[in-house]
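Encoded as structure tokens, the structure appears first; notes follow it.
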Amino acid sequence: ACYLLEKLAGAKINEAIIDIGKKDYEKKEICLSAVNVNQSLGVELSEGRICGILNRLNLKAAVEKDKTIRVDIPAFRKDLIRPIDLIEEVGRIYGYQNIPVVIPNIRFSPFLQKAARTVELKVRQFLISAGLNEVINYSLTSREALKNTKIEKEKVISIKNPLNREQEIMRLSLLTGMLNTITRNKDRGIEDIRIFELSRVYLPQGVKKLPVEQMNLSIALTGGKLPNWKLKQGAFNFYDLKGPLEECLARLGIADYEIINQQHSCLDLASSACLKIKGDNIGYLGGINKELLANFNLEGPVYIFECNFDKLVSYSLPQKRFKPFIKYPSVIYDIAVVVKEAVSCAEVVALIKTTGRSLINKINLFDVYRGKQVPEGCKSLAYSIEYQASDRTLTAKEVDGVHSNVRRVLQDKLGARIR
């Protein structure tokens, strides 16, 4: 450019360099130690050797009294910012081929996993082994779907820029997605459906608060059981849903639970129940009512369960506890009581346990009878009660006394008639 200006334009070239404007230069220093250099490169270099390498690169390096290497960085080396940059320069000049190849030491540490994640994996594994398929539905749903499932709430979490009407609000329950999944499968000719979902729902907490991201578990059954040479195909019922649920609770170490009749807006009155653990209501189960089935263009029974999985985790026992076997013999007494239809089996069992206390080992319902010998509006429940003590052999007089108390309490509290 200067040559062309001089030849063609008659310009006069000044030999000196002229810099207009004063520029402040801040002196820059970087400190490092021989220990850091040797650990990073895997070599054994002295402070003098390191300073020699850096000085050859026009980097003024000097060793302080505390063996710290202080390096003055010139203005033209703007790439040197951190100690590791200087270590890289030392390695480059020392020669990468001179650095020995050493396999690094690997420190093994135990993998720590949260209790909730452990329970989640255990539940997933069991439900899959029980023949259920896992589904993953969208976290977004529509307002119309909420109305169809009778989950109508004033406060919902709306999306400002939804992609379509089907994904305009965050879901409050897994029920909508489960029923939509069943509908899509039935439209494609798949009638026998056993599915579960373990995902989050989003519960609003007001305008200025973030929503609660709650983990829920849902199970749905519809269609019929798979037939085989021994079992004929039959439609699913309430107990096909209740059975795997109870087995899942047992595997989580949850024993103090109740499944009792309780009406739910989405469930049929004849098969509507709730799951309580230590008196805490954490979920519902039963058959979807006809009105809700019609909203999703479904026919036939659909049984569903949904619970607060976070609460389920809090009641689970992460470690199994061994209970020693009782070496003393047990005594089994049978009892049959006539009670009103409104009295549930769980009420009778709970009263028997409370009365017998530590002497009752097991209670089993083996017969339910409604017939000529039982008044109308009543039912007969027959139980076998196993009495056993962990520290002694029970005498006949002792067992008779406890059993008499059980009979008396059932008569006084529930108005039962002993058959």
TODO: Kindly indicate, with the supporting measurements, whether the criterion side chain to side chain donor-acceptor pair (under 3.5 Å) is fulfilled by S199 and E197.
DONE: CA-CA 6 Å; S199 301; E197 182 174 10; 3.1 Å; yes

Open item on the list: Evaluate R194 against D192 for salt bridge (Lys or Arg N to Asp or Glu O under 4.0 Å), listing each step before the verdict.
Closed with: CA-CA 7 Å; R194 301 174 295 278; D192 304 328; 5.6 Å; no

TODO: Please assess Y202 against E213 for the test side chain to side chain donor-acceptor pair (under 3.5 Å), listing each intermediate value before the final yes or no.
DONE: CA-CA 5 Å; Y202 305 88; E213 297 186 24; 4.8 Å; no

TODO: For K413 and E347, run salt bridge (Lys or Arg N to Asp or Glu O under 4.0 Å): C-alpha distance rounded to whole Å, both residues' side-chain angles, the deciding distance at 0.1 Å, then the answer.
DONE: CA-CA 10 Å; K413 297 291 182 65; E347 292 180 77; over 6 Å; no

Task: Pair E47-K67, salt bridge (Lys or Arg N to Asp or Glu O under 4.0 Å): steps then yes or no - done: CA-CA 8 Å; E47 287 88 354; K67 293 187 178 182; 5.1 Å; no

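Put simply, the side chain of N137 reaches to within 4.5 Å of the side chain of R171, judged on heavy atoms. D334 places none of its side-chain heavy atoms less than 4.5 Å from the side chain of Y383. With a 4.5 Å cut-off on side-chain heavy atoms, Y369 and K379 do not count as touching. Considering only heavy atoms from C-beta on, I169 stays 4.5 Å or farther from I157 through its side chain. A 4.5 Å side-chain heavy-atom check between Q263 and L269 finds at least one atom pair inside the cut-off. At a threshold of 4.5 Å between non-hydrogen side-chain atoms, the residues T141 and M170 do not count as touching. When side chains are defined from C-beta on, F309 counts as touching V123, because their heavy atoms get closer than 4.5 Å. Side-chain contact between M178 and V135: present, with at least one pair of heavy atoms (C-beta onward) separated by less than 4.5 Å.
A donor-acceptor pair is defined here as one N or O able to donate and one able to accept, closer than 3.5 Å; no such pair exists between the side chain of S272 and the backbone of G286. Using a distance-only test at 3.5 Å, with no hydrogens or angles considered, no donor-acceptor pair links the side chain of D310 to the main chain of Q214. A donor-acceptor distance shorter than 3.5 angstrom exists from the side chain of D85 to the backbone of R82, with no hydrogens or angles considered. The backbone N or O of S330 sits nowhere less than 3.5 Å from a side-chain atom of N361 that would complete a donor-acceptor pair. One N or O on the side chain of S271 and one on the backbone of G287 form a donor-acceptor pair closer than 3.5 Å. A donor-acceptor pair is defined here as one N or O able to donate and one able to accept, closer than 3.5 Å; no such pair exists between the side chain of E6 and the backbone of Y3. For N36 (side chain) and L32 (main-chain N/O), no donor-acceptor pair under 3.5 Å exists by modelled atom type. Panel note: side chain T355, backbone N405; no donor-acceptor pair is recorded below 3.5 Å. Remark: the backbone N or O of R184 is paired with a side-chain donor or acceptor of R188 at under 3.5 angstrom. Remark: side-chain polar atoms of K242 are not paired, donor with acceptor, to backbone N or O of I259 under 3.5 angstrom.
Of all the heavy atoms in L351 and V409, the pair that sits closest is CG-CG1, 3.6 Å. Closest approach of L174 and R200 over heavy atoms only: CD2-O, 4.4 Å. Between S40 and I84, the closest heavy-atom pair is OG-CD1, 4.3 Å. Annotation for I288 and I304: closest pair CD1-CG2, 3.4 Å, computed over non-hydrogen atoms.
Ion pairing of E89 with R77 is present here, as a side-chain N (NZ or NE/NH1/NH2) and a carboxylate O approach within less than 4.0 Å. Residues D268 and K290 are not paired through a salt bridge, judged by the lack of any N-O separation under 4.0 Å between the basic side chain and the carboxylate. For the pair E299 and K186, the salt-bridge criterion is not met [side-chain N within less than 4.0 Å of a carboxylate O]. A salt bridge links R70 with E64: the distance from a Lys NZ or Arg NE/NH1/NH2 to an Asp or Glu carboxylate oxygen falls below 4.0 Å. For the pair E88 and R92, the salt-bridge criterion is not met [side-chain N within less than 4.0 Å of a carboxylate O]. A salt bridge does not link R165 to E168: none of the charged side-chain nitrogens sits closer than 4.0 Å to a carboxylate oxygen.
A 6.0 Å sphere centred on CD of Q205 holds more than 12 heavy atoms belonging to other residues, nucleotides or ligands. The environment of Y96 atom OH is dense: over 12 non-hydrogen atoms of other residues, nucleotides or ligands sit within 6.0 angstrom. No more than 12 heavy atoms of other residues, nucleotides or ligands sit less than 6.0 Å from atom CD1 of I136. When the shell of 6.0 Å around OH of Y328 is examined, it contains more than 12 heavy atoms from other residues, nucleotides or ligands. Under a cut-off of 6.0 angstrom, the local environment of CG in L8 is crowded, with over 12 non-hydrogen atoms contributed by other residues, nucleotides or ligands.
Using the six-membered ring where Trp is involved, H403 and Y387 have ring planes that are perpendicular, over 60° apart on the 30 and 60° scheme.
For the atom pair CG of L292 and CG of L298, the computed distance is 8.5 Å after rounding to the nearest 0.5 Å.
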